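Only one structure is covered here, and it is reproduced in the block below.
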Amino acid sequence: MALVSAPALNSRFTSLVAAALCLIGVLWFFVPSFDAVKHLNVPGLHHPTPPPPPSTTSTTISSSAGNGLPPKPNHPIDHLIHQAHADFDTLLAKETHNVHDAAQAYRDRRGRQPPPHFDAWFAFAQNHSAVIVEDFFDQIYHDTAPFWGVPAQQIREQANGFLHRISVRGGNVTQRTDVEGGRVWMDLWADMVRSVAEFLPDVDLAINVMDESRIVVPWEEIDGYMQTERASRVIVPERELKTYYDGLTGLDRNPPSEAFDAEFSGMGPYWPLAVVGCPPGSAARKAYIETDFTTPPPLDGQFPAGSYEGYVQNWTLAKSPCDNAALQGLHGTFVEPISIANTKKFFPLFGGSKLPMNNEILLPPAMYWTEDPFYSGGKEHGRAWEGKKDGLIWRGAASGGRNKESNWRRFQRHRFVAMVNATSVELAGTGEQAPVNFALPGNNSYDLAALAGTSDSAADSSTSGDGSSSGSTTSSSYTTLANWIKSWSNAAVVHLLCFPEDPHPPYCSYTNPYFAVARAMPMAEQYAYKYLPDIDGNSFSGRYRAFLYSTSLPVKATIYQEWHDSRLAPWVHFVPMENGFADLYGVMEYFVGFGGGDGDGGVGGHDDVAKGIAMGGKGWAERVLRREDMQVYVFRLLLEYARLCDEERGVMGWREEPGG
Ligand SMILES: *[C@@H]1O[C@H](CO)[C@@H](O)[C@H](O)[C@H]1NC(C)=O
Ligand SMILES: *[C@@H]1O[C@H](CO)[C@@H](O)[C@H](O)[C@H]1NC(C)=O
Ligand SMILES: *[C@@H]1O[C@H](CO)[C@@H](O)[C@H](O)[C@H]1NC(C)=O
Ligand SMILES: *[C@@H]1O[C@H](CO)[C@@H](O)[C@H](O)[C@H]1NC(C)=O
Ligand SMILES: *[C@@H]1O[C@H](CO)[C@@H](O)[C@H](O)[C@H]1NC(C)=O
């Protein structure tokens, strides 16, 4: 789990906080303002309003970093980026600047009065220059709403009786766990809560100390709680409001007589346990449950569910295993997690990430609060875009779960690295080594120039075949594809993580033929490349925040939810990618282009667009993913949670009019 020891982390921690905060200030100065980057000039895109004048800057950048060829007109990604900006502008227009408007936005969106101390929360947020858009807090309501269907006393007692616990009493924070000297994530989360504790009512937080998310309550049970929640939603008149929290003195005088048993069980496999959290009509609930992971992965060449011509259009859907049943055989979380400790019991457990079918309450991950450069990337955010290598870099362990000789072909990191390995693609194309853990883009549904443009394959490569073989695309065009991949790809595993453990780690007898182990590369060095793919490991990827803060462009695939999801917009702040990676080559072609052979068949890239998203994401991260933003989130979350724990929660709220 934790790769750093607790004492080492703590000692480095405090001194780095100040340094990092200074640095954020300094960087802000050099980054173009958000407004300047949010309206991108996307070539080939139809502007509903008068098009901006042709930008000489973007033409220069394009040709200097690209190949000078014109890009494909009306590319689906042009449309997605355009739509994403329009949606994001609509969202930003909801920003509120005073507590009255913020409270009204709350009532409109939540159907309740804001919790007591809402004014203190707003003052804190405003004092810390937070961008206040009510929608940015949606995850809090997604996570906590079902608890309106559970008695307040039950919530209080379960949290109080849970072994791993952070408590706030009179503004003081304490913690309890089972390891002498503490656990590193617990220490970090306690520190996060402590940073706003002076404003908080008394609360107990049960904490998930594992990487994996752990609660899956059957969807039907949650639906019942949600019906209660909806029925209880009312804007209580101001004069009837109870405006304070009772606190937990009653609980402390009379604590639960025994520890709370969440009834975790380690029995797998995980997919059958997880699908019960999906809605009854969902793809996952209807799907056949796979048990044989020895075969190549089920990549059928179809455009992914809900995509726009194969590219991510609805990020929530693309990430959702409930909507993409094939993920049961394409992600280590379902194929074979490192550990399972699952329960169907609904109780308030706080953690850093979860699957859509999990029922935890999300905190900003402890990894994002630490200043350890292993996760944070340190103070270095990368050089200017123009000085970067025009390609993609990935280094990481072959994690994702317990990969074994029988099942590794289904793991996402293995798949990603093989797909951007020019040698493995070429060997697969010539038939010398069948692709054991990925599929070649058989009938070229993504219309890749590398598979269409050159030599003898031009005539038959566009035929829509059955996708079951490479029959419609010749081996020479796969060689062209491989050479193109080689021109921009640099990906390798740093440890093959064999199970059972190999006598010669980091190597691994059954995956050695397919992967070359490379040395680990600090994040700061990776920033020398323009494109940073981010692929889930055993749970969510802890480097994501650092990637967003960098001057490079994150290309993200995940099945996990995090606290920040509603404040980050795909195609505006990062590039979203399907978990099967079917869209990977299409995405890379859109950005880096394809030079073509003998001067024909090439297409231009969109280097300027890539730069715009990279810098837009960075500027936005510096506004809404700061430590202060995590504090603002935790402050709001715990006001809400404390209300849920109060016997009189139904009539509690912040009273706007002092005499009202
Ligand atoms: C906000 O800033 C003002 C002025 O510095 C200060 O008086 C107040 O206590 C601050 N409030 C919070 C909640 O931080
Ligand atoms: C909080 O901590 C301070 C300092 O240790 C102590 O004096 C105070 O009594 C504590 N308050 C509560 C409510 O525990
Ligand atoms: C996106 O997908 C989610 C999950 O399936 C769905 O609930 C939502 O309505 C979709 N959004 C749009 C705009 O279609
Ligand atoms: C490619 O093959 C898949 C699977 O047979 C099919 O669904 C898809 O429509 C084909 N695409 C094209 C462009 O022919
Ligand atoms: C690329 O694939 C080839 C063939 O499978 C393999 O020998 C090589 O080690 C791979 N390279 C990397 C960096 O994984």
Side-chain angles (χ1 to χ4, degrees), residues 80 83-84 86-88 90-91 135 138 142 167-174 194 197-198 200-204 219 247-249 251-253 277-285 304-308 312-325 327 355-357 391-398 408-409 411 413-438 440 478 482 485-486 489-496 506-508 510-521 559 561 565-566 569-571 576 578:
L80 289 167
Q83 187 61 46
D87 292 348
F88 185 64
T90 307
L91 180 64
D135 307 40
D138 282 356
H142 174 86
S167 296
V168 180
R169 292 293 183 277
N172 292 342
V173 176
T174 56
R194 189 172 295 116
E198 63 179 299
L200 295 178
D202 291 357
V203 278
D204 290 320
W219 185 91
L248 296 177
T249 39
L251 178 72
D252 290 340
R253 262 199 305 273
C278 296
S282 62
R285 283 280 283 265
S307 68
Y308 177 73
V312 175
Q313 166 170 243
N314 180 338
W315 182 226
T316 311
L317 197 157
K319 293 194 322 179
S320 163
C322 292
D323 291 306
N324 297 276
L327 290 176
L355 301 167
M357 56 273 261
L392 156 165
I393 181 100
W394 189 87
R395 290 290 183 278
W408 71 269
R409 293 167 195 81
F411 279 68
R413 289 186 164 189
H414 293 79
R415 176 168 63 256
F416 180 82
V417 173
M419 283 180 71
V420 296
N421 176 339
T423 310
S424 66
V425 169
E426 175 156 23
L427 291 175
T430 59
E432 272 174 70
Q433 186 186 87
V436 292
N437 70 330
F438 66 100
L440 289 168
Y478 283 127
I485 292 171
K486 193 184 293 170
S489 170
N490 180 351
V493 294
V494 301
H495 198 304
L496 283 164
Y507 300 99
C508 173
Y510 54 82
T511 39
N512 280 338
Y514 307 98
F515 300 98
V517 174
R519 71 170 181 90
M521 187 187 282
I559 58 173
Q561 299 184 334
D565 288 351
S566 59
W571 299 114
E578 297 284 350

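Whatever order the structure lists ligands and atoms in, that order sets their numbers, starting from 1. Note that this is a predicted model, so its numbers are computed, not measured. Note that these values count all heavy atoms, side chains included, but never hydrogens, waters or copies made by symmetry.
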Looking at every non-hydrogen atom in both residues, tell me the closest pair between [X] and [Y] and how far apart they are.
X: Asp202; Y: Gly170; answer: OD1-N, 2.9 Å
X: Cys278; Y: Ser282; answer: CB-OG, 3.3 Å
X: Val425; Y: Tyr478; answer: CG1-O, 4.4 Å
X: Pro321; Y: Ile559; answer: CG-CB, 4.2 Å

Parallel, tilted or perpendicular, judged at 30° and 60°: which one describes the rings of Trp408 and His414?
tilted

Can you list the ligand 5 atoms lying under 4.0 Å from a non-hydrogen atom of [X]?
X: Asn421; value: 1 (C), 2 (O), 3 (C), 8 (C), 10 (C), 11 (N), 12 (C), 14 (O)
X: Pro513; value: 5 (O), 6 (C), 7 (O)
X: Ala491; value: 13 (C)

Would you say ligand 5 has an N or O under 3.5 Å from any N or O of Thr423?
no

With only distance considered, is Val417 within less than 3.5 Å of ligand 5 through an N or O on each side?
no

Can you measure from CZ (Phe515) to OG (Ser424) and round to the nearest 0.5 angstrom?
7.5 Å

With sequence neighbours left out, write down each residue that passes side-chain hydrogen bond (donor to acceptor under 3.5 Å, both in side chains) with Arg395, or none if nothing qualifies.
Asn490

Thr316 to ligand 3: N or O pair under 3.5 Å?
no

With the threshold set at under 4.0 angstrom, would you say Ala518 reaches ligand 5 through any of its heavy atoms?
no

Report the C-alpha distance between Phe438 and Leu440 in whole Å, list the side-chain angles of each, state the deciding distance to 0.1 Å, and finish with yes or no for side chain to side chain contact (heavy atoms under 4.5 Å, CB included).
CA-CA 7 Å; Phe438 66 100; Leu440 289 168; 4.2 Å; yes

For ligand 2, give me the residues whose heavy-atom distance to it is below 4.0 Å, by chain and number please.
Arg169, Gly170, Asn172

